[in-house]
Amino acid sequence: MPGFGSHPKRPLDALAIEPALLPARVARREFFLDATDRVARRLLGAWLVRRWRGILYGARIVEVEAYLGEKDAAAHSFGGRRTPRIAPMYGPGGRLYVFPIYGMHYCANVVTRREGVPQAVLIRAGEHPAAPAALLRGPGRFCRALGIVKADSGKDLVGSAEFEIRLDPVRGRGIDISERIGVDYAGEARKWPLRFSISGNPAVSRAPGRGLSIRSRHPGRAS
DNA sequence: CACATGATCGCCT
DNA sequence: GGCGATCATGTGG
């Protein structure tokens, strides 16, 4: 049966990872309290790691989007909107915010900033050395592959036995910047350059394209 | 490759 | 009652 009922709540076996292959640097609370676009960039190359029944699973993050809270018409917390679903966004940085969408998918966010400032980074795609790229390409499939569901919303990525972030940042020029996907309803905010991806990575959900990509735009032509 | 559409349901109004 | 931070599939060029 399709829909949320068929969504696994545990990671796929293919996403198991040897601890020795993970970056050593574990993200602490401070990392998540920084400006959201900076956190978003630094999450590229990082691993989201999940311990499930004593075994480590995870994926390397290759594509993200920043959502800037009350002033961002694309964000669920736009205008200070606050409902039970959105509540984790108002918590301190470093927690998960997971929401269901279209009756059949979940999207996972990393909450940023201090408590009361409802901003977050959407994880749009990842990769894993032993898994086909298609498994982790796109926010819905990323969640499915790692078994992330609504019950995970609000869980802490810091000091938790279950989830953590291992940092291995990509250096500046290796990052593409473009407009966010699927937020056409957001007025001017839909054009904000808040989507970040690792340049040329085959796991990126939609190649930044046709003038949307700031990094790939032909230089020397002012607008 | 570029669009267009249907699936399916929790969440908010 | 309407819609969405998506995905798979289908059509046409």
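Chain naming here is simple, since letters A, B, ... match the order of the sequence lines and numbering starts at 1 in each. All values reported here derive from a predicted model rather than from experimental measurement. In what follows, every heavy atom counts, from backbone to side chain, and hydrogens, waters and symmetry copies are set aside.
- Computed from coordinates, the A/Ile86 CD1 to B/dC11 P distance equals 11 Å when rounded to whole Å.
- Under 4.0 angstrom from either OP1 or OP2 of C/dA8 there lies at least one side-chain N or O belonging to A/Arg141.
- We find that CD1 of A/Ile101 is positioned 9 Å from P of C/dG4, with the value rounded to whole Å.
- Using a 4.0 Å heavy-atom distance criterion, A/Gly140 is classed as a sugar-phosphate-only contact.
- Annotation for A/Thr112 and A/Val39: closest pair CG2-CG1, 3.9 Å, computed over non-hydrogen atoms.
- The partner of C/dA5 is absent, by the rule that a Watson-Crick or G-U pair needs both atom distances under 3.5 Å.
- Note: CE (A/Met89) to P (C/dA5) measures 12 Å, nearest angstrom.
- Put simply, A/Tyr185 has a side-chain N or O that comes within less than 4.0 Å of OP1 or OP2 on C/dA5.
- A donor and an acceptor atom, one from each side chain of A/Tyr97 and A/His76, are located under 3.5 Å apart.
- A/His105 has its NE2 atom 11 Å from the C1' atom of B/dG6, to the nearest Å.
- In plain terms, the two heavy atoms of A/Pro100 and A/Phe4 that are nearest each other are CB-CZ, 3.3 Å.
- Look at CZ on A/Phe99: it is 13 Å from C1' on C/dC3, rounded to the nearest Å.
- Distance, A/Trp192 CH2 to C/dA5 P: 15 Å, rounded to whole Å.
- Between A/Arg124 and C/dT6 there is a side-chain N or O to OP1 or OP2 distance below 4.0 Å.
- Separating the CE atom of A/Met104 from the P atom of C/dT9 is a distance of 13 Å, rounded to the nearest angstrom.
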